[in-house]
Structures are given as structure tokens and as C-alpha cells.
Amino acid sequence: MSAIGNSAASRDKAFVLHPYTNLHAHETQGPLIIERGEGVRVYDDADNAYIEGMASLWCVSLGWGEERLVQAAANQMRKLSSYHIFGHKSHEPGIDLAEKLIGLAPVPMSKVFFANSGSEANDTAVKLIWYYNNALGRPDKKKILARVRGYHGVTVATASLTGLPNNHRDFDLPIARISHADCPHHYRNAKPGESEEEFATRLAEQLEAQILAEGPDTVAAMFCEPIMGAGGVVVPPATYYEKIQAVLKKYDVLLVADEVICGFGRTGNFWGSQTMGLRPDILTCAKQLSSGYLPISAVMVSDAIYRACVDESKKIGTFGHGYTYSAHPVAAAVALETLAIYQERDMVGHVRDVAPLFQRRLRALADHPLVGEARGVGLIGAIELVADKTTKATFEPVGRAGAVVNGLAQEHGLIVRAMGDSIALCPPLVISEEDINQVFDRLAKALDAAISVLRG
């Protein structure tokens, strides 16, 4: 140990393999060690405070230190610390949570399957889609569409769905039967003079052409985040979902709404599907389901999909899918308490109250010389950094500007997330107007400081 050093940072570099990190740079740079959290702030090992502008990773909706969630976990730990729901076993926290979610669903749903992360939930959805079509005697109807810049996870299947190059490169992905439709980003992908509605019409036409080229009898489903999160907080154009859902319905293609980031009030409605007008056949959720306090995710399925699973499991003798920790009683208890807090404190109403200020301050940054676009809905948003506002040209190399602003924001006591040259914001839902102003004051200072770094 003496050769490594006793500090947390040195031990981290010695023993931890970090996700979503430049591992080579990390060997020199090392980590920021976060020791504690309170409200919308976290504190490092030198007791420096940061407003957590990303709610950790899009998930700590109720902020840090919510004692009711701590007590919910402790109480359940004492009563039933762990159990499974395989082979006709069950427990009340899992049953209660499933019942609650079905009651909250944006469209009629039949059953809930529990997993532990958004990746696992979406991976389960892929398997259910294939199982469903086998049950219906359609063994060729298995291809799944996602979208360029969409994000659905990092398992072999869900990383294939994810439409980001670095999730594919040198992992030998994507796998077969998964392909990507066009990204609905008007700022980057619309033709000159093309309105949002015209752009949406063109994307729907391109989707139909893609389905026809693949063969409608081979295309099973399409995954959509209501608002695309890790791909840069892309808000699809007006009329987009109305038009693409008409195409999906025409060719009997299931719609999976990935609500892992958008669910539980983030967009100003309980579900992003309600905000954006989606009527999914399958809905996946995670993150804010437990305010990020414990790992848990859920997959809600329509009755048609459930009935097909029943028929197939009867034929096979079992439904051969599940996770040891599906509906873990402690995670389920914390999720139930999280949902109770959302209702009691009217968190959706709070988001609607403070979101206008958040969006006003966000969109004001579009006037900054480094910002090409500011976009968002509710309490989620992003700014896109450009070298030239007129041509929309990016700084070279791509990603450098985002890294610079990300680092400067941290120096000013604000944690954001750079996704290429887009800077994302997704603060805890409990954030106050005072803290929203601090978020944008600090981000503006970081942008001002970045001018000389990027153009010097």
C-alpha cells in the first residue's frame, strides 16, 4: 500500500476501472472525490461545495440527504432485507410498487417487470419483443430501430441500440437486427429554411422508407426517448412523434418509450411520453424511480405483450428471464417512498413552477458568443458550443470545447456534463429558483472564461 499511497485519489487510480472515462488521462488526472451531499449540493474531500447540475447522472431527483428514503431502506432492511420473485415467490414491496406504477402509467399497461438499471430494463424490452413475435408465429419480425444519438444503455443489446459511435467502436457493436433512424435534431439536421413541421414530415417519410427497405414483416419495434438525453438533450421537432407513430402503427411496429431520464416529473409532466405525445406499447424507467438512492428499474408492458408471454411460457414451461435482484424489497421500498414523496409534495407542480425560470435562463445563453443553440424542456436542457454561430462550425477537435467548459464550470462550483460539445443540465427536481439562478450564473462565468481558452 505504501508504494501506492494512502489517499483516496491514489487508491482510486490503483484499483478502480472507471466507466465513461478516458482511462489514459485518468492515470494522470485522477478523480474528484465526493464525500457527502446535502440538498442540491455535493462536497468533495476538501469540503468544496458544488451545485450538482446533473442530479448525479440524471437521477437524484429529491436531492441528497432525504431522510424518508433512508428510513424506508432501514425499515425494510430490518423486516426483509433481501428476497427474490422467481418461481411463484413474491413480497409486498414488489407487489405494491408494480401496482403503483400501473396506476401511474401514461397509457393502459398490464404488468411490470423489475430490473436494476436502465440498461437492464431496455435489454429486457429487446428480449420481450423477440419473445412476443415468436409467440405470434412471426420469427422474421425481429429487427429493432433506434435513433442516431439516442441512448438506451451499455449491455451488448442496448449499447447496440445506443446511436453514439464511442459506444460501438472496438466493442464489435452493433449486433445484427438493430439499426438506426435519423436523429430528430432540427438545429443540426434540418435543411435551410425547413420548419420544424416540415423537418418532422421528412423524418417520418425517411422512417417509412427505412421500414420498407428492411421489409415491414421484419421490423418489430422502435425505441425512443421522449427527449434524447445522453445524446445531447435533443428535443424532437413539433409534430414529430405524431407523424412517426402513424408510420409505426401502419406497419405494426411496437413503440418502446425509454423514460429512464424523462420519467417522474422531469419534463413538467409525470412522464415524458405525456409531454411529447407518445403512446408506447412498452415503457422502461429507472433513475428517478428511487431518486437514484438504490438501483432499480422497471419495464411496463401492454396486455397484448403480456398475453403473448403467458402463451409462450405455457408452451416452454417457464418464462426464462429474470435477475436475482428483480424487485429487490429494499430498492422497491425506497422507490415506493420516492413515489409517495412526489405525490405529497406535488413535485410535478414544483417543476412547472420553477421550469420557466430554468428555461428562460437557459435560452438566454443562446446569445453567448460560444453558444449555437440552447434547448430543453422542464428541468432538462443543454447548450451546444460552436466556433462560429453563423455556420454552426464546431471547435476542433470535436469535444475539446465541451471538456473546457465542463472543467471551468467545476472550478466555479457547478457540476455539468459534457457530451461532445453539448453541455447538459439536469438538476434535482427539488431545486429552488435561487439555486437555478446560481446554476446559470456559474455556467455563464465558465463560458466567459472559456472564450480566451478556446480562441486564444
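Numbers here simply count residues along the sequence, with the first being 1.
- No more than 12 heavy atoms of other residues, nucleotides or ligands shown are found within 6.0 angstrom of CZ on R169.
- Inspection of the H185 and E373 side chains reveals an N or O donor paired with an N or O acceptor under 3.5 Å.
- Using a 4.5 Å heavy-atom cutoff, the side chains of Y306 and M109 are not in contact.
- Side chain to side chain, Y325 and S82 fail the donor-acceptor criterion of an N or O pair below 3.5 Å.
- Within 6.0 Å of CD in E92 there are 12 or fewer heavy atoms belonging to other residues, nucleotides or ligands.
- In this structure, the side chain of N269 does not engage the main chain of W271 through any donor-acceptor pair within 3.5 Å.
- Looking at heavy atoms from C-beta onward, L32 lies in side-chain contact with Y50 at the 4.5 angstrom threshold.
- For E344, the CD atom is densely surrounded, since the number of other residues' heavy atoms within 6.0 Å is greater than 12.
- Considering only residues two or more places apart in sequence or on other chains, A366 meets the side chain to side chain contact (heavy atoms under 4.5 Å, CB included) condition with A374.
- A centroid separation of less than 6.0 Å is found between the aromatic rings of H180 and H168.
- No side-chain heavy atom of E384 sits less than 4.5 Å from a side-chain heavy atom of V371.
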Exercise for the section: Assess whether side chain to side chain contact (heavy atoms under 4.5 Å, CB included) is satisfied between R400 and V405, documenting all intermediate values. Expected result: CA-CA 9 Å; R400 175 172 175 258; V405 172; over 6 Å; no
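- Side-chain N/O atoms of D258 and N122 include a donor and acceptor closer than 3.5 Å.
- Side-chain atoms of H26 and D12 include a donor-acceptor pair closer than 3.5 Å.
- N167 is listed as a side-chain neighbour of Y20, based on a closest heavy-atom distance under 4.5 Å.
- Nearest heavy-atom pair across T284 and A121 is CG2-O, 3.8 Å.
- Annotation: E38, atom CD; neighbour count of heavy atoms from other residues, nucleotides and ligands within 6.0 Å does not exceed 12.
- Remark: aromatic rings of F199 and Y240 are distant, center separation not under 6.0 Å.
- Using modelled atom types, one finds no donor on one side chain facing an acceptor on the other under 3.5 Å when comparing R345 with H350.
- Of the options R149, R375, R417, a side chain to side chain donor-acceptor pair (under 3.5 Å) to S422 is made by R375 and by none of the others.
- Aromatic ring pairs are classed by plane angle as parallel below 30°, tilted from 30° to 60° and perpendicular above 60°; the pair F270 and Y342 is perpendicular.
- Under the 3.5 Å distance criterion, the side-chain polar atoms of R363 are matched with a main-chain donor or acceptor of G376.
- Looking at I85 and H91, their side chains come closer than 4.5 Å, going by heavy atoms from C-beta outward.
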Practice task
Show your working on side-chain hydrogen bond (donor to acceptor under 3.5 Å, both in side chains) between Y241 and S273 and close with a plain yes or no.
Solution key: CA-CA 10 Å; Y241 282 119; S273 291; over 6 Å; no
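- To the nearest 0.5 angstrom, L379 atom CG is 10.5 Å from L425 atom CG.
- The environment of Q71 atom CD is dense: over 12 non-hydrogen atoms of other residues, nucleotides or ligands sit within 6.0 angstrom.
- Looking at K287 and V60, their side chains never come closer than 4.5 Å, going by heavy atoms from C-beta outward.
- With no hydrogens or angles considered, a side-chain donor-acceptor pair links D448 and H368 at under 3.5 Å.
- The side chain to side chain contact (heavy atoms under 4.5 Å, CB included) test with F223 is passed by exactly one of T158, L254, T162, I144: I144.
- Counting only heavy atoms from C-beta outward, the side chains of L145 and S179 approach each other to under 4.5 Å.
- Within a 6.0 Å sphere centred on NZ of K243, other residues, nucleotides and ligands contribute more than 12 heavy atoms.
- When the shell of 6.0 Å around CZ of R279 is examined, it contains 12 or fewer heavy atoms from other residues, nucleotides or ligands.
- Atom CD of Q343 is surrounded by 12 or fewer heavy atoms from other residues, nucleotides or ligands within 6.0 Å.
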